[in-house]
Novice: 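The structure follows.
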2 protein chains.
Amino acid sequence: MNSSLSNPTVRASSLNSELTSSLRDAIITGEIKQGSRLSETKLAKRFDVSRGPLREAIRRLEGMNLVSHRPQQGVRVVTLDADLILQIYDAREALESKAVALAAQVMSSAEIDELHRLIDAQTKQMRENDGAHVPAESDYAFHELVIRGSQNKVITHALLEEIYHLIKMFRYQTLAAKHSSTNSLIEHRQIVYAIEQRDPVLAEVTMRRHIVHARDRIKQRLERASNQTEIDS
Amino acid sequence: MNSSLSNPTVRASSLNSELTSSLRDAIITGEIKQGSRLSETKLAKRFDVSRGPLREAIRRLEGMNLVSHRPQQGVRVVTLDADLILQIYDAREALESKAVALAAQVMSSAEIDELHRLIDAQTKQMRENDGAHVPAESDYAFHELVIRGSQNKVITHALLEEIYHLIKMFRYQTLAAKHSSTNSLIEHRQIVYAIEQRDPVLAEVTMRRHIVHARDRIKQRLERASNQTEIDS
DNA sequence: AGATGGAAAAATGTCAACATTTACGATTTT
DNA sequence: AAAATCGTAAATGTTGACATTTTTCCATCT
């Protein structure tokens, strides 16, 4: 239940911080379902803590857009309907295309080398798998490197502490897609190329297209799923 | 001190919510100085509440990027140095240019009329003042209308609940600029025109230029201020 | 039988006290 | 006199209990 009570000398730096991570992951994986109410008393029992730290963790989740709060009525897990998903990708497109433009200007060569290592590893993983897919974790690692490479705290915070949690939640649950496509890897190579050329405009355009592609694929899936349920009913 | 304890029947919907606003405003206006430590015990006495709701309010301010937390050492108010200010405007450029592109596609004619009313009021205010400036509040109102007009929850949250608080804090303190320029009003008219034409590309480009202009002016001011202090020392 | 009312239970909002850690200052030692 | 160490005080982290509101369930009335 409690993930870190092993070494009493280490002092796991704060309970509410641990709770934030645990709750966040439980929401992302769907262990706590979309739209469901978060009962403070039940969660306090489940994690074996008092309600104080728990409430603080919930307040942080509010800032991550993972739960919404209504006074005197508690908090509910966000519901990822089609509209919201597409809105998330619009926000991501705006922020991450700007991030890569900045990264192309300020990223160190050491960081660019790291990007190469990631892509090489992804190429290898693709061959070892079915030859058409790359693990989602690897995909996240790539994007996180680029985002941090922008050295823009505000953009990095917005993307990694808010938008990406929602994207992971969507991919993990609604989609069962734990992989990204071959096209994705090709586009990643193009992005690294643009960064290497120190060409912010090319980098921005390439990243924007990469994300719009992903958005389009998702939109098609959602529309098909919507039609399907209409037929079913 | 306490802004709403008058009517006991009305029940001011939650103490920690009120605290969030009060603390936020105290930070934005500089009443609580940049870089200073927020003492929970002192603030609890000052607002005459217990530390529970206060801590929750502080957790919310964390999500707004207004304070940063270090375990076992409390929270400090963010410091708006030159780097951070420019990063904020880069993030704003990315998000708000996308917001206006979306707004151009989905805004209702009633909302567009509201934009016109605001601009007309600003024109009037400018004439009644020195003839060259418009109150900052009016400027915020315009941008907020456009942002909400995008109907994108994620972008709206990022801009209005995070980035704009930092911008207001900067304008209120570092800059003593409680006004925006004449150019600004002209650019606002161009933005409304693009929205009216239902031209998302033109709207996006115009908004981007509007924000880049503001960023450039700030950058010049900051560099002059920096040179000035070098001379002084 | 359905709807309306009230009472009980559970949930959120809040507070005061306890525990542990950090920081500051005084004292001691070199 | 300067530096290091120890002790005290204050701050953060956490807990359990109290208050008010909301929800649910049951009984009663139409």
Novice: Using a heavy-atom cut-off of under 4.0 Å over every strand shown, decide if Pro53(A) touches base, sugar-phosphate, or nothing.
Specialist: base
Novice: Return the set of residues passing side chain to side chain donor-acceptor pair (under 3.5 Å) with Glu144(A) (not counting sequence neighbours), or none when no residue passes.
Specialist: Arg148(A)
Novice: Under the rule for ring pair (Phe, Tyr, Trp, His ring centres under 6.0 Å), what residues qualify as partners of His157(B), not counting sequence neighbours?
Specialist: none
Novice: Sequence neighbours excluded, which residues qualify as side chain to side chain donor-acceptor pair (under 3.5 Å) partners of Glu93(B)?
Specialist: Lys98(A), Arg208(B)
Novice: Pairs under 3.5 angstrom only: tabulate donor-acceptor contacts from the side chains of residues 26-33 of chain B to other protein residues two or more places apart or in another chain.
Specialist:
| residue | atom | partner | partner atom | Å |
| --- | --- | --- | --- | --- |
| Thr29(B) | OG1 | Asp25(B) | O | 3.0 |
| Thr29(B) | OG1 | Ala26(B) | O | 3.3 |
| Thr29(B) | OG1 | Glu31(B) | N | 3.4 |
| Glu31(B) | OE2 | Arg46(B) | NH2 | 2.6 |

Novice: So what does Gly52(A) hit on the nucleic acid, given a heavy-atom distance under 4.0 Å: a base, only sugar-phosphate, or nothing?
Specialist: base
Novice: Kindly write out the residues that satisfy ring pair (Phe, Tyr, Trp, His ring centres under 6.0 Å) with His210(A), not counting sequence neighbours, or none if the list is empty.
Specialist: His143(A), His188(A)
Novice: Which heavy atom in Leu95(A) sits nearest to a heavy atom in Ala158(A), and how many Å separate them?
Specialist: CD1-CB, 3.8 Å
Novice: Output the rounded distance in Å from CZ (Arg59(B)) to P (dG13(D)).
Specialist: 6 Å
Novice: Expressed as a whole number of angstroms, how long is the span from Glu18(A):CD to dG13(D):P?
Specialist: 13 Å
Novice: What is the distance, rounded to the nearest whole Å, between atom CG of Leu19(B) and atom C1' of dG13(C)?
Specialist: 12 Å
Novice: Between atom CG in Leu15(A) and atom C1' in dA19(C), what is the gap in whole Å?
Specialist: 13 Å
Novice: Side-chain N or O of Asn16(B) versus OP1/OP2 of dT14(C): is the shortest distance under 4.0 Å?
Specialist: yes
Novice: For the pair made of CG in Leu43(A) and P in dT15(D), what is the distance, rounded to whole Å?
Specialist: 15 Å
Novice: Please report, rounded to the nearest Å, how far the C1' atom of dG13(D) is from the CD atom of Glu56(B).
Specialist: 14 Å
Novice: Quick one: which protein N/O atoms are closer than 3.5 Å to N/O atoms of nucleotides 8-12 of chain C? Pair and distance per line, please.
Specialist:
| residue | atom | partner | partner atom | Å |
| --- | --- | --- | --- | --- |
| dA11(C) | OP2 | Thr41(A) | OG1 | 3.2 |
| dA11(C) | O3' | Arg37(A) | NH2 | 2.9 |
| dT12(C) | OP1 | Leu38(A) | O | 3.3 |
| dT12(C) | OP1 | Glu40(A) | N | 3.4 |
| dT12(C) | OP2 | Glu40(A) | N | 3.2 |

